[in-house]
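In what follows, chains carry the letters A, B, and so on, assigned in the order in which the sequence lines appear, proteins first and then strands, with residues in each chain numbered from 1.
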There are 2 protein chains.
Amino acid sequence: MSRYIVRMPGPRFTLDRSSPVPLYFQVAEQFEHAILSGEIAPGERIDNEIALAKDLGLSRPTMRQAIQVLVDKGMLVRKRGVGTQVVHGKIRRSVELTSLFDDLSAAGQKPRTEVLAVGKVAAEEDVAHELQLSIGDDVWSLERLRFVGKQPLAVMHNFIPLDVVDLDAVDLETVGLYAHMRTSGILMRVARQRIGARGAGAEEAALLGEKKGSPLLTMQRTAYDNAGRAVEYGRHAYRPDLYAFELTLVDR
Amino acid sequence: MSRYIVRMPGPRFTLDRSSPVPLYFQVAEQFEHAILSGEIAPGERIDNEIALAKDLGLSRPTMRQAIQVLVDKGMLVRKRGVGTQVVHGKIRRSVELTSLFDDLSAAGQKPRTEVLAVGKVAAEEDVAHELQLSIGDDVWSLERLRFVGKQPLAVMHNFIPLDVVDLDAVDLETVGLYAHMRTSGILMRVARQRIGARGAGAEEAALLGEKKGSPLLTMQRTAYDNAGRAVEYGRHAYRPDLYAFELTLVDR
DNA sequence: GTCAACCCTTTGTCCTGACATATTGACGTC
DNA sequence: GACGTCAATATGTCAGGACAAAGGGTTGAC
C-alpha cells in the first residue's frame, strides 16, 4: 500500500466523540502537534485520506476537513494522484486578528502600557471615512505607549465609535484594548491592514527614544465586526529595531 | 420565508455543468461579482444554504463550499442560527504569492525593471540558512531596480539555489522572476515573509533617489515549493512613499 | 534504447441524508 | 409588564458513496 516514506498515525491519535470539540479539529490538532514536534518531518508523506479515515474510524469528508485545516495553515500540501506531505514544521504564526499586547504576552515577554491620552474627539477626515461616520462626529481617541521591558516599542493611536464600547471605566494599562472589546461582546471578524514606513515626527521620536526623522514601521488597521460595521481604526508606529510583521502565505 | 433583507440569486446565476471549472467555484465567482458590483450590499443577508442549493440545483455541501470560499476571503460572515451576510464589498486583495511585478501590472501601471547584477555568488550565513544550504555554496544572486513610470520604487535582491532554475538565458528585465520560475515548472506554494523598516544605506539611497538614512520599507521572503524545498530567498527595500503592504485578515 | 500508451494510486468534486447546536422571536405564565 | 420556555430557523458537524482527473510508474511497441 505504502511505498516510500509514509506515516501511519495509528493508535497514537485519540478521538473523543463525546467532546464538544469537532472531530476534524481534534485530528488537525494532533497532526499539527506531530508536525511541530518533528515526529513527522518536512518532506514526509502522510497516509492517504481513505486509509487515515479508516484508521481513525472517521468518514473521508471528516478526514479531508482535518487535513484542510493544516493545508490552510501552510503546513501540509496536497498533490492529486500523489499524496499529502509536510511542507515545513516551524510555522511562524501568521498575522491574526490580535493585538500587539497578545503578541508579546504569547511570546513570554512582559509588555507594559502607558496611556498617554483617552477621551472623545471630533473625527478627522480619514478617521470618519474609515469608521463610516461623518466628519466631526465624536469618537473615542486612545493614545498609548507600549514598552517591552524598559524600552519603548510603539506609539499606538486608536479610534472607536462611541456606541461600540465605553472606554471611561476601563483600566487600559492592564487590560488591553482588544481584550476589553471582546469582553464587551464585540467580535472582530475581518480587518484590513496597511503596513508602511515613514520618518519619525518630533513628538513620536521623543516618546520612542529615537531621533526625529529616524525610520519607523507603521501599521493602519480597520477592524469590522460580524455585521460589517467598522468598530476600530488604529494608526500605529513601531520601532523597527524591535518589531517586525511576520506572516505565512499559502497559495490556494 | 425571508424576513428582512435577503437576496435570492435565482435566475441570475448560471451554472455550466460541462465546464471543467468546479461548480462551487462558479457559484463563488458569481457571488463575488455580485458583491463587488454592489448588487448585494454590505450588511445584507443572503438566503440560507438550503434554499440557495435548491435554487441552483446543487447539494448543500457544494453550496457550503462555494460560500466558504468567500468567507475565507473575508467578504461573507456566517452566524449559526442567523444566516450569512456580506461584510464589505471592496476587498483589497490580500497578500498573495505574487511578485511586485504582478502587483503593478494588475494595477494597470507600467513597471520597468533594470537588472543591476546577476550571477553566482557564495551564500552568506543568512542566505544559506534560509535556503537550507551550506555557507559558501554557490547560489544565483539577482539584483534589480524597479521603476513605476520614471520613479525608482524598489531595490530587490534575490537568491536562488542553482538547481532550481537557470538565470543565464533569461531576459529578466521583461519576464519577471516569478513568471520565469513558474514557466520553469517551479510551483511556489508557501512563503514566509517578514516586513520591517530601516534607514537607507548609501548605495540604496543613490539608487532610489533618496537620502542616506531616509526610511525604507523592507521585506524578506522565503518561498517553498511543493516538496517543502526552499526555492527563493529575497531581501527587498521599497520607497515608503510609493509602496505599502495591504492585507485583509479573517478570523477563523 | 526511446517513447508512447496504459494502469494504478490519490486527491478533487459532488451527491444524499442525518443530527447537533446557537440564535431569535413568539408565546405563555407569574 | 417582566421573565422564562419553547419552537422555528440556519449554520455546524458527520456519515457513506460515487465518479472524475491528475500524477507516476510500468509495460509494450517500434
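- When the side-chain nitrogen and oxygen atoms of A:Arg64 are compared with OP1 and OP2 of C:dT11, none of them lie within a distance under 4.0 Å.
- When distances run from any side-chain atom of A:Gln65 to the nucleotides C:dC15, D:dT13, C:dT23, the shortest one goes to D:dT13.
- Separating the NZ atom of A:Lys54 from the C1' atom of D:dA15 is a distance of 17 Å, rounded to the nearest angstrom.
- Summarising the geometry, the separation between OH on A:Tyr24 and P on C:dA20 is reported as 18 Å, rounded to the nearest angstrom.
- Atom CZ of A:Arg80 and atom P of D:dA22 are 5 Å apart (whole Å).
- The side chain of B:Arg60 places no N or O atom within less than 4.0 Å of a non-bridging phosphate oxygen (OP1 or OP2) of D:dC14.
- An OP1 or OP2 oxygen of C:dC15 is reached within less than 4.0 angstrom by a side-chain nitrogen or oxygen of B:Arg17.
- Looking at A:Thr62 and A:Leu56, their side chains never come closer than 4.5 Å, going by heavy atoms from C-beta outward.
- Of the side-chain N and O atoms in B:Thr62, one or more sit less than 4.0 angstrom from OP1 or OP2 of C:dC15.
- One axis for each end of the helix from C:dG1-D:dC30 to C:dC30-D:dG1, each built from five base pairs, and the angle between them comes to 10° at 10° resolution.
- Position along DNA chain D of the nearest nucleotide to A:Gly81 versus A:Leu23 favours A:Leu23 as the more 5'-ward residue.
- Rounded to an integer number of Å, the gap from CD1 of A:Ile50 to P of D:dC19 is 14 Å.
- Remark: C1' of C:dT13 and CE of B:Met63 are 15 Å apart, rounded to the nearest angstrom.
- Annotation: salt bridge (Lys or Arg N to Asp or Glu O under 4.0 Å) contacts of B:Glu32 (sequence neighbours excluded): B:Lys73.
- How far NE2 of B:His236 is from CD of B:Gln193: 8.5 Å, rounded to the nearest 0.5 Å.
- At least one donor-acceptor pair under 3.5 Å links the side chain of B:Asp225 to the backbone N or O of B:Arg229.
- Checked against the 6.0 Å centroid criterion, the rings of B:Phe31 and B:His33 do not qualify as a close aromatic pair.
- With rounding to the nearest 0.5 angstrom, the CD1 atom of A:Ile46 is 4.5 Å from the CD1 atom of A:Ile67.
- Of the residues near DNA chain D, B:Val82 and A:Leu58, the one whose nearest nucleotide (by heavy atom distance) lies more toward the 5' end is B:Val82.
- Side chain to side chain, B:Glu232 and B:Asn158 meet the donor-acceptor criterion of an N or O pair below 3.5 Å.
- Across C:dT11, C:dC15, D:dG12, the shortest atom-to-atom separation from the side chain of A:Arg78 is found for C:dT11.
- Salt-bridge annotation for B:Glu49 and B:Arg78: present, with a side-chain N of the basic residue lying under 4.0 Å from a carboxylate O of the acidic one.
- When the P atom of D:dG25 is taken as reference, atom NZ of A:Lys79 falls 11 Å away, rounded to whole Å.
- Applying the 4.0 Å criterion to OP1 and OP2 of C:dT11, one finds that A:Thr84 has a side-chain N or O inside that range.
- For the pair B:Asn48 CG and C:dT21 P, the computed distance is 21 Å after rounding to whole Å.
- Per the geometry, CZ belonging to B:Phe25 stands 12 Å off P belonging to C:dC14, to the nearest Å.
- Within 4.0 Å (heavy atoms only), B:Pro61 reaches at least one base atom of the nucleic acid.
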